[in-house]
Amino acid sequence: MNSPLSPAAGAPVPDAPTRTYRMTARARAVEETRGRILDAVLLLHEQRLSADISLADVADEAGVSVQTVLRHFGSREGLIDAAIERATADVEAERRSDPGDVAGAVRAVVEHYERRGDGVLLLLAQEGSEAFAANVTATGRALHRRWVETCFGPLLPRGPARAATVDLLVVATDVYTWKLLRRDRGLSAQSTRTRMETLARAVLAATAPGD
């Protein structure tokens, strides 16, 4: 006699690998949809004022419904928090370079600004009036300072001069410095990078301990 929990005679037995594959595919689809929504949020904030971006705009850009957006993130606030977390991870990955490699650090940050600099400037212009922009830019400033301390760490002086040197390197590699050279002066990306590297090396040379 068959157990009540055993398959009936002749009934197909579910294939465990098939079930696992379906679950994996479903999880992958969920993650891909989530990623598209976050990509849409970040892209729109590089192009428009925050106040002009609605959940419907995000949904349209991602190719999903507003209900899908809310199902994934719960609310607009949840979406924004996840977008900031995603943007922070992306920025950290894009700026990564070997500690002590001045040329590599400047190259990485300039390439990052070439990709995202104009969008960052748009957010900076809104930080006094938009909570989202203020949150992003505050996070970005802290991230930038940590990046300077990590990338230039082996070259920084010890003692009281360290904080001042970090301050100057933050300025030398800041998005506004990139803007002054790249957008206002109209220099090429290569020339912009060369000048920013010159600034960084000058700061390090000026604060290096004497022989």
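One-based numbering along the sequence shown.
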Backbone N/O of [Y] and side chain of [X]: donor-acceptor pair under 3.5 Å:
X    : Y    : result
Y113 : V175 : yes
D98  : D101 : no
R36  : A62  : yes
T165 : A161 : yes
S191 : L187 : no

Exercise. Begin from the C-alpha positions of E111 and V106 and carry the test side-chain contact (heavy atoms from CB on, under 4.5 Å) through to its verdict.
Key: CA-CA 8 Å; E111 288 176 354; V106 175; over 6 Å; no
Once rounded to the nearest 0.5 Å, what's the spacing between atom [atom1] of [X] and atom [atom2] of [Y]?
X   : Y    : atom1 : atom2 : result
I80 : E77  : CD1   : CD    : 8.0 Å
H72 : L38  : NE2   : CG    : 10.0 Å
R71 : I37  : CZ    : CD1   : 8.5 Å
R86 : T88  : CZ    : OG1   : 11.5 Å
D39 : E32  : CG    : CD    : 11.5 Å
D81 : N135 : CG    : CG    : 7.0 Å

Quiz prompt | Nonpolar side-chain network containing L122, other nodes, edges under 4.5 Å | solution = L49
[X] with [Y]: basic N within carboxylate O range, under 4.0 Å:
X    : Y    : value
K179 : D174 : no
E114 : R182 : yes
R116 : E94  : yes
E197 : R193 : no

Between [X] and [Y], what is the shortest heavy-atom contact and its length?
X    : Y    : answer
S50  : L123 : OG-CD2, 4.3 Å
M196 : A172 : CE-O, 3.4 Å
P154 : G100 : CD-N, 3.7 Å
R183 : D118 : NH2-OD2, 2.8 Å
R162 : E149 : NH2-O, 4.4 Å
R146 : E92  : NH2-OE2, 3.7 Å

Same hydrophobic cluster for [X] and [Y], using side-chain heavy-atom links shorter than 4.5 Å among ILVMFWY?
X    : Y    : answer
L44  : L55  : yes
L199 : L156 : no
L43  : L124 : no
V109 : L143 : no
L181 : W178 : yes

Quiz item: side-chain contact (heavy atoms from CB on, under 4.5 Å) between F132 and I84: does it pass, once the steps are laid out?
Solution: CA-CA 9 Å; F132 170 77; I84 292 173; 4.0 Å; yes
Exercise. For atom CD of Q47, decide whether the heavy atoms of other residues, nucleotides or ligands shown that lie under 6.0 angstrom number more than 12.
Key: yes
Practice problem: Decide if atom CZ of R145 counts as having more than 12 heavy atoms of other residues, nucleotides or ligands within a radius under 6.0 Å. | Solution: yes
Quiz prompt | Worked check of side-chain contact (heavy atoms from CB on, under 4.5 Å) between E61 and V41 | solution = CA-CA 8 Å; E61 182 67 32; V41 174; over 6 Å; no
Exercise. Would you indicate whether the side-chain heavy atoms of Y176 and L121 approach each other to under 4.5 Å?
Key: yes
Quiz prompt | L168, V170, L169 screened by side chain to side chain contact (heavy atoms under 4.5 Å, CB included) with V166, the one that passes | solution = V170
Quiz item: Checking side-chain contact (heavy atoms from CB on, under 4.5 Å) for the pair D52/D57: CA distance, chi angles, key distance, verdict?
Solution: CA-CA 9 Å; D52 295 337; D57 294 326; over 6 Å; no
Quiz item: Does a donor on one side chain and an acceptor on the other come within less than 3.5 Å for T194 and Q190?
Solution: yes
Quiz item: Should the ring pair W147 and F152 be called parallel, tilted or perpendicular, given that the plane angle runs from 0 to 90° and is split at 30 and 60?
Solution: perpendicular
